[in-house]
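Read the structure below first, then the notes.
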Amino acid sequence: MTQFFDYLILGLTRGSMYALIALGYTLVYGVLQLINFAHSEVFMSGAFGSYIVVHLIVGTGKGTASWAVPFVILIGMLTGAVTAAVIAWILERVAYRPLRRRGAPKLAFLISAIGASFFLSTFASKIFNSQTSDQFPAFFGNGVVFHIDGAKVRSLQLVLILGAVVMMIALDRLVNVTKLGRSIRAVSEDAPTAALMGIDIDKTISRTFVIGGLLGGVAGFLFGLNFSFGYNMGFVPGVKAFAAAVLGGIGNIRGAMLGGLLLGVVENLCLLIPGFTANYTDIVAFVVLVLVLMFRPTGLLGERVGRAA
Amino acid sequence: MTAVQTPPKETVRPRRKQPNPNLPWIKRLIACLAGGFVLALMIGSQEGTTSDYGYAFRKAVFGPRIVIFLGIGVVLFLAITFWPKIQPYLIRPGFWPLLSGALAVVAAQGLMHWDDLVGDARFQTVATAVSSTSGIAPLASAFFAWLAWTQLIVLVVAGSASIIFRLRWLGFATAALSVAAGVIAYIAHKDVIDYSGAADHSLGYAITLLGYLVMAAALLVAALTTAEVAQSRVFVGRVLGFRPGLPLVILGLVFTVLSFASATWFSPSNKNATLTDTHDLLNGTGLAPIALDYLGWLGWVLLAVSVIVTGAGVWLCHRMLSWVGCGVGVIATILTLVTLYDVSKIGAQYKFDGATGPWQNLGSGGWMAAGGLFLIGAGGFIAASVGSGIYSRQMKGAPGEVAASSDTKAATSFLSAPGAGRSALMIGIAVALFYPPTANGFWQQVLVTEIGVAMLLAAGLNVVVGWAGLLDLGFIAFYALGSYTTAYLVGSLPKKPPSWLHMTPLLAIPFAIGVCLVAGLVLGAPTLRLRGDYLAIVTLGFGEIIHLLAVNNPAGLTNGSEGVNTDVVQHTHSVPNPSIHIGPLHIRWGLAQLQYWYLLLVFLVVIVLLFRRLEQSRLGRAWAAVREDEVAAQATGINTTKVKLMAFAIGASTSGVAGVFFASQVGSFTPDNFVLNNSILIVAYVVFGGMGSLSGALAGAAMLTWLPEFLKSVVPQSDRLMWIGAILLLMMIFRPAGLIPARRRKAELTHFGDASSSETRAVPAGEGMGA
């Protein structure tokens, strides 16, 4: 049972990361009907941006006063969000907008996004030495906060889950209540009509990218803090987050949150199966993805997508 | 999130006022500077210590070099801003040819080899060596010290001035000076080579000479013409279309004469024997009389006869004569090859120092002659086969009218001239057949292990991505399946096949195709009903799964990250080299890369022929229909899922064949050969070359594999993916149809502005986020 809770907590932490990234995919998918292949690199750039700033503030983190830790984490999340948002904005301007202006076919968007993704990750490996360690230095203590049936819950895990939940609630409110949220929903509902209603589509799309970048950047910082960090950190979480978005029903925001958490939990609980080693965890996401596409292409909460088009 | 809840109150803000008209100007400047900044970070190798994340960044940004790159940004900004004022000058006749000639010179002096011996043999290295050596002719030392770059700059500036200000006398003067500059480069190089006394295979001086000659021609044209606007395409089209096949005959003549007159034919150690030297050397050694005659006089006679006959046939547009010329060319080519074989064989038997056997120790001369004679024959073939329709039309009007009739800007391709496409094909064949033997070992290896395999894979992926419009990001997985299937069947893996199934590598091809077909169907069946972007991500996942499986060694099948190699403990051995034993025919491939090149060529030719048939077939047309508009395709009765599955399976099996070749050629490999990046690289090849055009895919693969090797010492290996990514991005923005656009795809990409199907629009109506 201890093991079960261990894996559950691990799954929730990973899952909340997937959910944050998946939101980026799902938002962009909502407004453009396109998978933003470069979103995993947006996530990665957030991690790098926050690393630089946090490194400047606390060095390797040794001897940081405990009262300062929450602030530094906050700063890390903030800088990560800002960096990733800037990258996402540039990405939209460079890789998407010129093609959209020309009305290019879908394949062209996918390829330009893949090119951007390749470029960004190798570029990061070039300017931030690719041989360095694969995790942030241990900036902060990672003490056990409490136990659930013998399973330890660590402080960073709590920060991760709480941070993700707060972001998700904020996004939910943003999309449902504010004017920007309404324009995003309107564009994803029916772009031409939205344009007729006086919504600036370009601006809305741009802002959607920025919102996705903000979420991804926060995830990047938290992920680097807890799991891995490096120029190629984006790929695997990116693909899994995409699987999560599909699982929840791509284009559906709450679906992405649910799918992310679910995927993280399932992936880790699979380890309870005897004979299932950690080497195969990466396969779970893909199997889930294929199964969902086969039996419920609309995902858990989605309704409209998935038909042949 | 079902119903949209309207917030109770909404304060109506006034619309923002009109943007400041000056703003785009600032934005553009910032964008250009940012571009220069990124370029500064991209160029150069700035590896730091492993503990320092910021080293490369600081080195790239904090230093004088940043000024250059920001300068590039500023120049770019100025160019874009003042484009309307600059553009009329740029389209003056002769301007672009002048620039491309200059570019060739820059490339030759910046990147290419100038010597066989000195270090990396680049221009700069040779120049350093020359400056530290006394006794070299003054012209050569001056050239290598300062003249080379100075003359280039002076000529470019003077030439541009003559074009911009229409100074006719300056144009003539610079043209003459250009020729002189090229000759100086040639002489200087020859002086250095004579001084060092070593054999030389460098091409730097030749490209430099060529570049200067192009510049001279451009300046002459610019000085002589009265036209305001250059029509290079029409001009080239007219030249090519003047007499179909004539360019090939001229090219072949030049090559063959060069080879007969000065190139090395036979080179055992310490000898570089030309044609006549070889004749004297091997006279009376038991060389077959025909070979001896060839070396003595027959070669020249064959050349003369083939050129005269073919030339007459081509010039007079006489079909029969052209066929005869073609035949003579082919016979001459075969005789050349026979002579080469005999020379190398007899040379080895006669125990020339260092002569090792048939097809060894041959200089580039023989191959050049074979290629040249082949081209002459090809010229005859083209003239004979282009079609009487064109002849009759052409004979009525002035020659070249056919090409000129496509005078509009729409005729953007040189290949629209009659016979030009076939000429390009023939040149390609000649290069593929006769260039590799003259290349050095490194390039032969690159040719086989990178260029050839990439071309095979690109041809396969082109079916999936280009024709059927399905983005397959796990293509390399099928390649892996093919390789591992071969390894299993030849018993190279720890798990052995049953003894009746044990076989040689080439026999594994059908099995590999079968395995890949099945895998393609299994993967495709559930996902191909879905949208294209789902497919992309699922195939990506599939690629990763195959890679992970290969690494994780399920059931001891793949030997894990060790891969396939010779290991006594594991009872594994590397995949044996392929061999063919059918009746009297025994061919065994060994270690020499060249042999594999010709094997690969056979694969390529077969695949290209098959795919060309396929493209025009019912299936090919169905693919195009599905790609353009799936709903409409379905409505016309195409079973879209089946058609897409076919594309997927055909692409997969091509990849499997490439895998068989790869496995048997390298012998040992690891799962790392099949990482995701390789899949995306192949996509890049296809996209770069032109989606949906077979020749484009092949050319794209060849270019993008050749270029990184060519620039090896300038662009670090680890940066390749960055540049490839940038190329993909820029290609999609500026030239989405690729290097050699497919006819159909081109129409689609240039006219999609008015299309309104969901496939061609980024934001289709009526599909929502479901928020």
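Every chain is numbered from 1 and lettered A, B, ... according to where its sequence line falls, protein lines coming before strand lines. These numbers come from the heavy atoms of this one structure, side chains and all, not from hydrogens, waters or symmetry mates.
- Residues A/F209 and A/L91 are in side-chain contact: their nearest non-hydrogen atoms beyond the backbone lie under 4.5 Å apart.
- Aromatic ring centres of A/F286 and B/F542: separated by at least 6.0 Å.
- The contact between B/L473 and chain A is made entirely by side chain atoms (from C-beta outward), counting heavy-atom distances below 4.5 Å.
- Of the listed residues (B/N552, B/L729, B/I545), the greatest number of heavy-atom pairs within a distance under 4.5 Å of chain A belongs to B/N552.
- With sequence neighbours excluded, no residue forms a ring-ring contact (aromatic ring centres under 6.0 Å, His included) with B/F688.
- Between chain A and the residues B/V551, B/L676, B/T640, B/V683, the most heavy-atom pairs under 4.5 angstrom are made by B/L676.
- For chain B, the nearby parts of A/F123 are the backbone and the side chain; heavy atoms of each come within less than 4.5 Å.
- Among residue pairs with one or both ends in residues 109-120 of chain A, those qualifying as side-chain hydrogen bond (donor to acceptor under 3.5 Å, both in side chains) are A/E41-A/S117; sequence neighbours excluded.
- At a 4.5 Å heavy-atom cutoff, the contact between B/L548 and chain A is made by side-chain atoms alone.
- For A/L99, the part sitting under 4.5 Å from any heavy atom of chain B is the side chain, from C-beta outward, and nothing else.
- Side-chain N or O atoms of A/R182 include none that pairs as donor or acceptor with a backbone N or O of A/V175 at under 3.5 Å.
- Counting heavy-atom pairs under 4.5 Å between each of B/A31, B/A726, B/G725 and chain A puts B/G725 at the top.
- Of the atoms belonging to A/V246, it is side-chain heavy atoms, and not backbone ones, that fall under 4.5 Å from chain B.
- A salt bridge between A/R100 and A/E92 is present, with a side-chain N of the basic residue lying under 4.0 Å from a carboxylate O of the acidic one.
- Proximity to chain B (any heavy atom under 4.5 Å) is restricted, for A/F37, to the side chain, taken from C-beta onward.
- Side chain to side chain, A/N36 and A/Y96 meet the donor-acceptor criterion of an N or O pair below 3.5 Å.
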